[in-house]
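Note: hydrogens, waters and symmetry copies are ignored here, and every other heavy atom, side chains too, is used. The shown structure was predicted, so the numbers you read here are calculated from the model rather than taken from an experiment. A note on names: the letters A, B, ... follow the listed sequences, proteins ahead of strands, and every chain is numbered from 1.
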There are 2 protein chains.
Amino acid sequence: MIRIVLAEDQKLLLGAIGALLDLDDDIEVVGRAGSGDEARELIESQSPDLVISDIEMPGMTGLELAEWLAQAQPGTRMLILTTFARPGYLRRALEAGVGGYLLKETPADKLADAVRRVHRGERVIAPELALTAFDARDPLTERERQVLRLAGEGISNAAIGRRLHLAEGTVRNYLSEAIGKLNADNRIEAFRIARDQGWL
Amino acid sequence: MIRIVLAEDQKLLLGAIGALLDLDDDIEVVGRAGSGDEARELIESQSPDLVISDIEMPGMTGLELAEWLAQAQPGTRMLILTTFARPGYLRRALEAGVGGYLLKETPADKLADAVRRVHRGERVIAPELALTAFDARDPLTERERQVLRLAGEGISNAAIGRRLHLAEGTVRNYLSEAIGKLNADNRIEAFRIARDQGWL
DNA sequence: AATACGGTATGACGATTGTCATGCGCCGGT
DNA sequence: ACCGGCGCATGACAATCGTCATACCGTATT
C-alpha cells in the first residue's frame, strides 16, 4: 500500500485526483492539503511514502516543500505535478531530488502508473521536458531578479528605487543589465522571458 | 440520466472530473474534449443534456462555445468551469445564457450538485463572483484593446504601429487613452488591469 | 441641415526608460 | 600583496513612452 499526501490549491483538482487515486487498491490518500504549509504539517503527522505536489500555491511553494522534504524526511519520495513547463522549475525540482515531474497536461490514466514508478525509486519526467532540462542557467543576479519582478508589475523605476532603497539610476541600470542578459528589447519582454524560464 | 460532454484542455483534470462524475448513477459522461473545436463536434454528434467547459482552451474558447451553443442547440445547458474570476468573463458567459459559472477553486464534492441544479434549469454562480458580475463595463475601443494586447507582450510602439499600419504617435495616443480610462500609470499596469477584468 | 458625439488619426513636447562609462568593495587565484 | 572578475551602485545622455491639442469622419439627435 502506497500512502500519499496530496498538495494542490485548486480544490476541484485536489478532490478529483484524490478520488481517482483512491480507486486503486495499492494506493491510499492519507492527506489532502490546499497549500504548502498545510502539506508540511500533514507530512509531519502522517509520514507518507510519497508526496504529490503542485508548484504554485499560497504560502510555501511546491519547490520549497521539496527542498524542505529532502532535509526533513529524505526517505519520502516526491512527485511534482504542475501546469508549467518551465525549465528553471524542473531544474530546481531535480536539484531538490524529486522523483518525478509531470504536467497537468498528462492524461489522467498515466498518473497512478507514475506514482508506482516513483515509489519504486524510478525517476519520471514529463517527456516534453526531458530534453530542455539542462538548457539555460539563470544569468540574473538577485538584485536583477528583484527589480525585474517589480518592473513586471508595472511599477516605475522611481517607485522601485524607493521600495528597494536604491537610486532611480541604479534601478535603471539593473533593468538594463537584465534586458541585455536576456536578449530582450525592454523590461516587459525581459520579465516575460525570465518568468517563462521559471527564474522569478 | 444526465448526459454530459466535458471540454477541458488540462488532460489530467479532464480525466479526473470525468471519473468523478461517472461515479454518480444519474450522470453519464458521453464525450471528453481537449479543445473547443473537439467539443463542438462531440456536441453535434451526441446532443448531450449539458456541457461543462473550461474557458481558455486552444482554438475555440469556452465563451465562444457557449455563444455558439445558444444558437445551435438552445435546449442544451452549459456550465462554465474556469480558473479565472474575471468579471468580464462572467458577464460574457451570462450574456450567452450559460446555466452556471464555477471556479476550479470549488471543492470537488460540489460539482455533481451543481450539475444537477443547472440541468434542472437553475442558475449556479460561484459565490465569489455573484457580486462583482455587473460592475465595470469594458470602456476600451477595439483599437485600444488591440494596441494594449500587443503592448502587453513587450512590443514597442513603433513595432505595434507597423503591425497595425498606424503611425507611432497614434499608437502612443491609443495607449495613453487606455491608460487613462483604466486609471493606470503606464502600459504594463493598464494591460494587467484589462486582462484581469477579462477584457482582452 | 445643423449640431453633438465618439472613434480614428497625427505630431509636438515633456516624462520616463534604456544605455553606457565609471567607481567601489569583496572574493579567489597567483 | 597583487590582480582580475563580479556584483553593487550611480549619474549623464540618448531613446522611447505618455500627454495633450488638434483634426477628420461617420452617425445619431434635434
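- Ion pairing between a basic and an acidic side chain is recognised when a charged N comes within 4.0 Å of a carboxylate O; B/Asp54 and A/Lys104 show no such pairing.
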Nucleotide by nucleotide, 5' to 3', does protein get under 4.0 Å of the base (B), only the sugar-phosphate (S), or neither (-) in nucleotides 8-23 of chain C, counting heavy atoms? BBBB-----BBBB---
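- In this structure, A/Leu164 places its CG atom 12 Å from P of D/dC8, rounding to the nearest Å.
- A search for side chain to side chain donor-acceptor pair (under 3.5 Å) contacts involving B/Glu64 returns nothing, not counting sequence neighbours.
- In this structure, the side chains of A/Leu150 and A/Leu164 come closer than 4.5 Å at one or more pairs of heavy atoms.
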Please enumerate all protein N or O atoms sitting under 3.5 Å from an N or O of nucleotides 25-28 of chain D, with distances to 0.1 Å.
none

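- The main-chain N or O of A/Arg40 is never found under 3.5 Å from a side-chain atom of A/Asp37 such that the two would form a donor-acceptor pair.
- Pairing each heavy atom of A/Arg192 with each of B/Gly152, the nearest pair is NH1-O, 2.8 Å.
- The line from CG of A/Leu79 to CG of A/Leu6 is 10.0 Å long, rounded to the nearest 0.5 Å.
- Under the side-chain hydrogen bond (donor to acceptor under 3.5 Å, both in side chains) test applied with B/Asn157, the options B/Glu168, B/Arg172, B/Arg187, B/Arg162 reduce to a single match, B/Arg187.
- Note: CZ (A/Arg145) to C1' (D/dC8) measures 14 Å, nearest angstrom.
- The structure places OH of A/Tyr101 at 11.0 Å from OG1 of A/Thr106, a figure rounded to the nearest 0.5 Å.
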